[in-house]
Structures are given as C-alpha cells and as structure tokens.
Amino acid sequence: MRNAQQSVHLVAATVGFLSLFLLWLAVLWGLMLRNGWAQSRIKHATVYGIHQTIALLGVMLGVVHGFTQLAGPMGVVKLVDVVVPFTNPYDPVGIGVGVIAMELFVACTLSVLIQKKLGYTRWRALHAFNYVAYMFLVGHVLLSGSDMAAGVRWGAVLGSFGITVLLWVTTTQWFLNWRQERTNRRNDRVGVGDELLVNVDGTRCARFGFCEHEAPKVFALRGDGRLAYKATVPPDLANDVIRAVEVCPARAIQLHRTATTVVTQKNEEPAEQPLTGPTRIPAGSGAGPRRRSRGDR
C-alpha cells in the first residue's frame with residue numbers, strides 16, 4: 001500500500017515523463033516544419049497545427065509536474081523552488097535547470113501571440129531557444145530523476161536526445177553550406193552548372209520561409225513579411241534553389257534555365273534528309289518549311 005508521498009511521486013513522475021515525450025515530439029515536429037519535410041503531401045496548416053497542439057500539451061504537463069511536487073506531505077520542493085531556479089537546498093542544479101527549461105518553453109509558447117509584432121525574423125530567432133530548453137530539460141531528467149537508475153530509462157532519454165542533436169546538426173546552415181561546397185567542387189571538376197532564372201508567384205507565396213532556410217543567399221524574408229529574392233542564380237547556388245523549390249508548400253517558385261548561345265559556321269548548309277514524314281522545326285530557330293523551286297525538280 002502506497003503512502004501519500006509515494007502516490008504524489010508516482011503522479012509527478014508519470015506526468016513528467018509524458019511531458020518530456022511530448023516536448024521531444026514537438027521539437028522533432030518543429031525541425032520538420034523548419035526544413036519543409038513532407039510539405040508536398042501534408043498541408044502546412046495541418047503540420048503547424050499538430051506542432052502547436054503537441055507543444056502546448058507538453059508545456060502544460062511540465063507545469064503540472066512542477067507544481068505536483070508541492071503536494072507531497074514530506075516533499076523537499078517549495079513554491080519558490082518551482083519559480084526561481086537554483087534555490088532548492090537539496091538539489092539546486094537538477095531542479096534549477098528544470099525550472100529554466102520550463103520557463104523557456106512557456107516564453108517561446110507565448111511568443112506566438114505576438115509573432116506579427118515581433119516580425120518573422122526576430123520571432124524565429126526567439127523560437128530557437130526551444131532547443132536550449134529541451135537540452136536543459138534532458139539535463140533535469142538525468143540529474144533529478146529518481147527513477148532513472150534503470151539503464152533502459154536513461155538510455156531512452158539519451159537516445160532521443162542524440163537523435164534530436166543529429167537531426168538539428170545535419171539541417172543547420174553551417175552543415176548545408178559545407179555540403180554545398182563539396183557539391184560545387186564536384187561540379188567544377190566535371191564542368192556541370194548552368195545559370196538559373198528564378199520567378200516567385202506573389203499570389204501563391206504564403207511566406208513560410210522554407211526557401212530562405214534552404215537558399216539564404218537567394219531568398220530573404222523581410223521583417224515586414226515580404227519575400228525578397230534574386231532573379232538570376234549562379235551555378236554554385238543551383239542545388240540550394242532546387243531544394244527550395246521542392247520544400248515550398250505553396251509551389252510558388254519557378255525555375256528556368258538561361259538560353260545558351262549557339263555559333264554556326266558561315267554559309268553552312270544542312271544535310272538533306274529524306275522526307276519520310278512531318279519535320280519538327282526547333283522553336284525560335286527562325287527556320288520554316290522550304291519551298292521547292294524549278295531547279296529542284
């Protein structure tokens with residue numbers, strides 16, 4: 001038979017682990033939103049709504065986890081410890097990083113209400129603190145979790161953290177630039193690359209910012225929400241722009257290759273071919289069907 005303190009601990013631990021799982025899913029979902037994954041099959045509004053719902057549930061359960069610690073009759077956590085970090089005399093570091101994590105999560109969640117006033121660029125910079133909050137949350141679980149003695153539990157927490165770090169690192173601008181440099185060097189060796197013309201349909205563009213993430217040297221989401229882009233793209237940025245086209249949820253970006261210049265020899269006569277059927281004339285060549293004269297008969 002459990003006593004009151006054990007029952008409170010069980011409820012707090014269950015809610016805490018559920019909050020950790022939901023916030024982990026929210027971080028992964030946020031990475032999917034940032035990189036535009038699956039946007040061609042799922043509407044952006046649907047993906048964004050799922051991300052908000054999961055994050056809100058995770059934050060609410062985290063707050064419940066913190067205040068549940070106050071219900072224990074023999075608890076060592078006071079109200080000030082739940083609000084002010086590093087004040088608990090028994091576990092200042094473990095509980096302190098947990099308080100910082102939840103306060104960062106709450107601040108980032110509430111920032112959605114003033115997203116338009118902050119501007120898209122500043123809001124996204126503030127929203128990046130969710131990654132810091134998740135790192136502190138993992139530290140709180142590993143340091144303060146009394147149920148983490150089992151290897152399966154702390155292994156699962158570290159494994160999920162490792163997956164998140166790996167996905168985040170491989171989608172950062174630094175890693176994408178490094179991969180782009182390798183691609184450019186490979187293309188230079190084989191002599192591949194054509195200049196591209198970029199056109200964005202302003203009536204379809206919803207200004208989600210995925211194109212800026214994939215090709216920041218070509219697309220830029222301004223502070224007022226408008227999209228600025230370069231109309232001509234050099235060959236070294238072609239792969240970035242192609243990825244931007246693929247992740248655009250509204251399919252508002254169009255690409256065209258610049259026309260090449262063809263130089264022919266002077267007074268060059270094309271070789272005669274048997275007229276076995278209708279002949280297709282290349283568009284823009286200026287050539288037309290040849291009229292036969294009497295000398296050709």
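Computed from a predicted structure; not experimentally measured. One is the number of the first residue; the rest follow in order along the sequence.
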Handout entry: Side chain proximity check, E212 to R124, heavy atoms < 4.5 angstrom
Key = yes
Exercise for the section: Check whether W24 and L166 end up in the same hydrophobic cluster, where Ile, Leu, Val, Met, Phe, Trp and Tyr are linked by side-chain heavy atoms less than 4.5 Å apart. Expected result: no
Problem - Greater than 12 external heavy atoms within 6.0 Å of F129's CZ - result: no
Exercise for the section: Mind checking the CG-OH spacing from N199 to Y229? Nearest 0.5 Å is all I need. Expected result: 5.0 Å
Practice task
Apply side chain to side chain contact (heavy atoms under 4.5 Å, CB included) to the pair D240 and K217, showing each step before the final yes or no.
Solution key: CA-CA 9 Å; D240 291 347; K217 296 181 180 179; 5.9 Å; no
Handout entry: Closest contact, heavy atoms only, L227 versus C211
Key = CD1-SG, 3.9 Å
Problem - Contact check, side chains of L158 and L142, non-hydrogen atoms, under 4.5 Å - result: yes
Handout entry: Any T14 side-chain heavy atom under 4.5 Å of L18 side chain
Key = no
Problem - same_hphob_cluster(V59, L110) at 4.5 Å side-chain heavy-atom cutoff - result: yes
Exercise for the section: With the side chain counted from C-beta on, respond yes when V198 and K230 share a heavy-atom pair under 4.5 Å apart, and no when they do not. Expected result: no
Handout entry: Geometric class of the W168/Y131 ring pair [parallel <30°, tilted 30-60°, perpendicular >60°]
Key = tilted
Fill in the blank from the handout: Taking every heavy atom of I253 against every heavy atom of A244, the minimum-distance pair comes out as CD1-O, 4.0 Å
Exercise for the section: Assess whether side chain to side chain contact (heavy atoms under 4.5 Å, CB included) is satisfied between L104 and Y134, documenting all intermediate values. Expected result: CA-CA 9 Å; L104 285 176; Y134 175 71; over 6 Å; no
Practice task
Look up atom CH2 in W29 and atom CG in L22, then write down how far apart they are to the nearest 0.5 Å.
Solution key: 12.5 Å
Practice task
Could you state whether V106 and I114 fall into the same hydrophobic cluster, counting links through intermediate Ile, Leu, Val, Met, Phe, Trp or Tyr residues with side-chain heavy atoms under 4.5 angstrom apart?
Solution key: yes
Fill in the blank from the handout: In T68, V64, L20, L10, the residue satisfying side chain to side chain contact (heavy atoms under 4.5 Å, CB included) with V15 is V64
Completion exercise
Separation between NE2 (H256) and CG (L196), nearest 0.5 Å, reads 10.0 Å
Problem - Minimum-distance pair of heavy atoms, taken over all atoms of V157 and S160 - result: O-OG, 2.8 Å
Fill in the blank from the handout: Smallest heavy-atom separation, G58 atom then S19 atom, equals O-OG, 2.7 Å
Handout entry: Spacing of CZ belonging to F219 relative to CG belonging to L237, to within rounding of 0.5 Å
Key = 10.5 Å
Practice task
Write down the atom of V200, the atom of C205, and the distance for their closest heavy-atom approach.
Solution key: CG1-CB, 4.0 Å
Problem - Ionic contact status for D81 with K78, cut-off 4.0 Å - result: no
Exercise for the section: Indicate, with yes or no, if V11 and V76 share a hydrophobic cluster defined by side-chain heavy-atom contacts under 4.5 Å among Ile, Leu, Val, Met, Phe, Trp and Tyr. Expected result: yes
Completion exercise
When V77, I95, N88 are each screened for side chain to side chain contact (heavy atoms under 4.5 Å, CB included) with S144, the one that passes is I95
Practice task
Answer yes or no: is there a side-chain heavy-atom contact under 4.5 Å between L126 and R122?
Solution key: no
Exercise for the section: State, with a plain yes or no, whether a side-chain heavy atom of V247 is found less than 4.5 Å away from one of E214. Expected result: yes
Exercise for the section: To the nearest 0.5 angstrom, please state how far the CG atom of L61 sits from the CG atom of L23. Expected result: 8.5 Å
Fill in the blank from the handout: Looking only at heavy atoms, the pair that brings A12 and H65 closest together is O-ND1, 2.7 Å
Handout entry: Common cluster, M135/L143, ILVMFWY with side-chain heavy-atom separation under 4.5 Å
Key = no
Practice task
Nearest 0.5 Å please: distance from the OG1 atom of T53 over to the CG atom of L25.
Solution key: 12.5 Å
Practice task
Report yes if some heavy atom in the side chain of V99 is under 4.5 Å from a heavy atom in the side chain of F136; otherwise report no.
Solution key: no
Practice task
Return the orientation label for the H127 and W123 ring planes: parallel under 30°, perpendicular over 60°, tilted otherwise.
Solution key: parallel
